Amino acid sequence: MATLYGRLSRRSCCLTSASLTRNYNSSRLHQSNKNISNLIRSGRLSEARALFDSMKHRNAVTWNSMISGYIHRREIAKARQLFDEMPQRDIVSWNLIVSGYFSCRGSRFIEEGRKMFELMPQRDCVSWNTVISGYAKNGRMDQALKFFNAMPERNVVSSNAVITGFLLNGDVDLAVGFFKTMPEHDSASLCALISGLVRNGELDMAAGILHEFGSDDDRKDDLVHAYNTLIAGYGQRGHVEEARRLFDEIPDDRGGGDKGQRRFRRNVISWNSMMMSYVKAGDIVSARELFDRMVERDTCSWNTVISGYVQISNMDEASKLFREMPSPDVLSWNSIVTGFAQNGNLNLAKDFFEKMPHKNLISWNTLIAGYEKNEDYKGAVRLFSQMQLEGERPDKHTLSSVISVCTGLVDLYLGKQIHQLVTKTVLPDSPINNSLITMYSRCGAIVDASAVFDEIKLYKDVITWNAMIGGYASHGLAAEALELFNLMKRLKIHPTYITFIAVLNACAHAGLVEEGRRQFKSMVTDYGIEPRVEHFASLVDILGRQGQLKEAIHLINTMPLKPDKAVWGALLGACRIHNNVQLAIVAADALIRLEPESSAPYVLLYNMYANLGQWDDAESVRVLMEEKNVKKQAGYSWVD
DNA sequence: GTAGGGTTAG
């Protein structure tokens with residue numbers, strides 16, 4: 001008995017301790033794996049790697065998690081290195097490495113991904129779908145379809161990837177046709193189709209399909225996703241009524257105890273999307289009404305309504321909500337910084353910026369753009385260097401702001417440095433090129449401006465043309481400006497009112513009265529552009545410079561718009577050139593009415609009298625100025 | 001740990 005008991009207990013004791021050890025080890029491994037994936041999820045890749053390196057025992061999941069971490073960061077070389085070092089690769093490792101190559105830009109990577117797919121010891125549905133969606137996302141639908149057709153067993157995911165691919169290429173009809181011939185749809189198929197149609201601007205077609213296929217019972221549980229996409233799509237484009245109609249079609253999620261039974265009902269994203277539609281339409285009252293009616297709000301709900309108040313510059317309400325919200329994230333902070341910066345309150349914007357627990361690139365860009373817009377150029381430059389010191393890499397939004405800063409500072413040296421940074425770090429897009437052209441021409445470097453213009457091979461938008469024509473005009477290069485304008489017209493690029501401001505300015509600088517009149521007329525009759533006060537100012541400038549002062553004042557008296565300070569300023573400048581004191585008094589008088597605090601008209605009149613030797617009159621202008629308590633501003637000299 | 005779909009900030 002005792003022997004038997006002893007044997008048994010010894011044996012079971014043995015067994016128990018072995019299995020305990022095994023269990024202990026496996027649960028430790030499991031815990032470490034979980035820690036790795038949590039670290040990766042929160043973006044702490046190097047900590048994950050340190051934990052990975054410290055682990056004595058690893059399994060395939062450990063390796064695969066680490067590989068997927070590198071793939072998410074687009075560090076494919078490191079992912080590949082781990083893949084090669086891995087003692088035993090399973091099918092997930094292979095799928096990961098294939099998807100890693102396909103998610104990198106460039107055909108070299110895609111070919112490598114395909115090569116890895118072909119090397120796979122075995123393949124499952126995921127492997128095939130990875131390749132199909134990889135090709136589809138890179139616009140290679142020929143290859144995607146080739147693999148789709150060659151696949152031994154397809155599932156819905158395969159077809160959904162094809163739909164997404166068609167829609168990324170803008171092939172709306174192919175996508176819809178493919179969807180209709182699919183053997184089975186699931187909620188993701190419908191959602192992929194709807195969101196692709198929305199991206200292609202086919203909102204009403206999307207609504208039709210949603211109503212036609214959305215009533216199938218088996219997908220009611222996820223139908224709300226498709227509705228949300230379409231609500232947001234209508235909202236983004238300002239069709240708030242259509243958005244609201246869809247929102248009202250979804251059964252309400254508030255009150256009532258039958259939540260479990262009703263599968264198709266509003267969720268937080270439906271409410272957020274509807275609020276966003278109102279915010280986009282500038283209807284903060286309706287957005288707020290929805291916000292107050294919501295039962296469950298998430299961070300995005302708060303952010304949406306806060307951004308609504310920021311948009312209408314109601315910073316009291318925006319910051320009140322910001323203080324009330326439970327857990328503000330980077331977006332909430334960025335909205336508040338945007339709001340204060342837009343309202344010219346740079347100090348508060350900076351205060352909030354410095355208090356942020358986490359900053360991202362957008363935080364920096366927001367503040368730098370705010371400084372630029374408020375013309376605190378030195379502050380913007382300080383922030384830009386601070387940003388780089390703190391290891392944040394500027395993107396094209398940053399650089400675009402900083403180029404405008406150089407324009408504001410008229411700092412050609414800094415401008416050239418930024419230009420070099422642009423060439424090294426980003427693919428310059430239209431806004432970047434346009435601000436480079438403006439920067440160079442403001443800094444007097446018209447040759448560099450036209451070099452930027454000439455280097456744009458692919459696409460010049462109308463703003464690019466305007467910037468270049470305006471640059472030539474302000475440098476007095478009327479022939480170049482007009483030549484470019486003619487080229488633009490030959491290329492069928494439709495000029496805007498800004499183009500004509502530049503063209504008229506060019507005529508003014510070159511003394512081309514008839515050409516100026518002709519262009520002004522052509523603007524109205526050939527292009528249907530309503531003349532603005534700036535155009536009249538240019539025309540007055542054109543006439544005035546050539547001494548046609550009577551024609552100029554007649555134009556001012558008969559123009560259909562109220563002449564502003566640019567119009568009267570042009571006349572006053574012309575009077576000075578041609579020594580017409582009588583008319584100068586009229587112009588100066590009008591300018592003083594518009595801007596009583598400005599000293600410029602007084603100084604100009606004073607100098608004119610002085611030039612003519614009429615010192616008594618000059619003195620009376622100075623006395624008048626003193627009486628009206630106008631201070632002479634820097635930059636205006638008593639001496640002409 | 002791998003393939004397809006939804007909302008917010010510059």
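For clarity, every value in this text was computed on a predicted model and none was experimentally measured.
- Under the 4.0 Å criterion applied to side-chain N and carboxylate O atoms, A:Lys359 and A:Glu392 are not assigned as salt-bridge partners.
- Contact annotation: side chain of A:Asn360 to base of B:dA9, donor-acceptor pair present below 3.5 Å.
- Within the 4.0 angstrom heavy-atom criterion, only backbone atoms of the sugar-phosphate kind lie near A:Lys137; the bases stay farther away.
- Closest to the A:Ser307 side chain, of the nucleotides B:dA3, B:dG5, B:dA9, is B:dA9.
- Closest to the side chain of A:Thr338, from the set B:dT8, B:dG5, B:dA9, is B:dA9.
- Out of B:dG4, B:dT2, B:dG10, the shortest distance to the side chain of A:Asp395 is found at B:dG10.
- Side chain of A:Val92, nearest nucleotide from B:dG10, B:dT2, B:dG4: B:dT2.
- Residue contacts for A:Asn33: at a heavy-atom cut-off of 4.0 Å it reaches no nucleic acid atom on any strand shown.
- Residue A:Asp124 is out of contact with every strand shown, counting any heavy-atom pair closer than 4.0 Å.
- Of the candidates B:dT8, B:dA3, B:dG5, the closest approach to any side-chain atom of A:Val157 belongs to B:dA3.
- Looking at the side chain of A:Val126, the nearest of the listed nucleotides B:dG10, B:dT8, B:dA3 is B:dA3.
- A:Arg199 comes within contact range of no nucleotide atom at all, as no heavy-atom separation falls under 4.0 Å.
- A:Asn267 contributes a side-chain N or O that forms a donor-acceptor pair with the base of B:dG6 under 3.5 Å.
- The listed nucleotides are B:dT8, B:dG6, B:dA9; the one nearest the side chain of A:Ile269 is B:dG6.
- Within 4.0 Å of A:Gln236, counting heavy atoms only, lie sugar-phosphate atoms of the nucleic acid but no base atom.
- Here the two rings, on A:Phe117 and A:Trp128, have centers that are under 6.0 Å apart.
- Rounded to an integer number of Å, the gap from A:Arg266 CZ to B:dT7 P is 18 Å.
- Distance from the side chain of A:Asn160 is smallest to B:dG4 among B:dG4, B:dG10, B:dT2.
- Of the candidates B:dG5, B:dA9, B:dT8, the closest approach to any side-chain atom of A:Asn334 belongs to B:dA9.
- By the side-chain contact (heavy atoms from CB on, under 4.5 Å) test, A:Glu390 is found to be paired with A:Trp364, A:Gln386, residues two or more places apart in sequence or in another chain being considered.
- Among B:dA9, B:dG10, B:dG6, the nucleotide with an atom closest to any side-chain atom of A:Ser195 is B:dG6.
- By the side chain to side chain donor-acceptor pair (under 3.5 Å) test, A:Ser93 pairs with A:Asn64, A:Asp90, sequence neighbours left out.
- Aromatic rings from A:Phe178 and A:Phe148 are positioned such that their centres are separated by under 6.0 Å.
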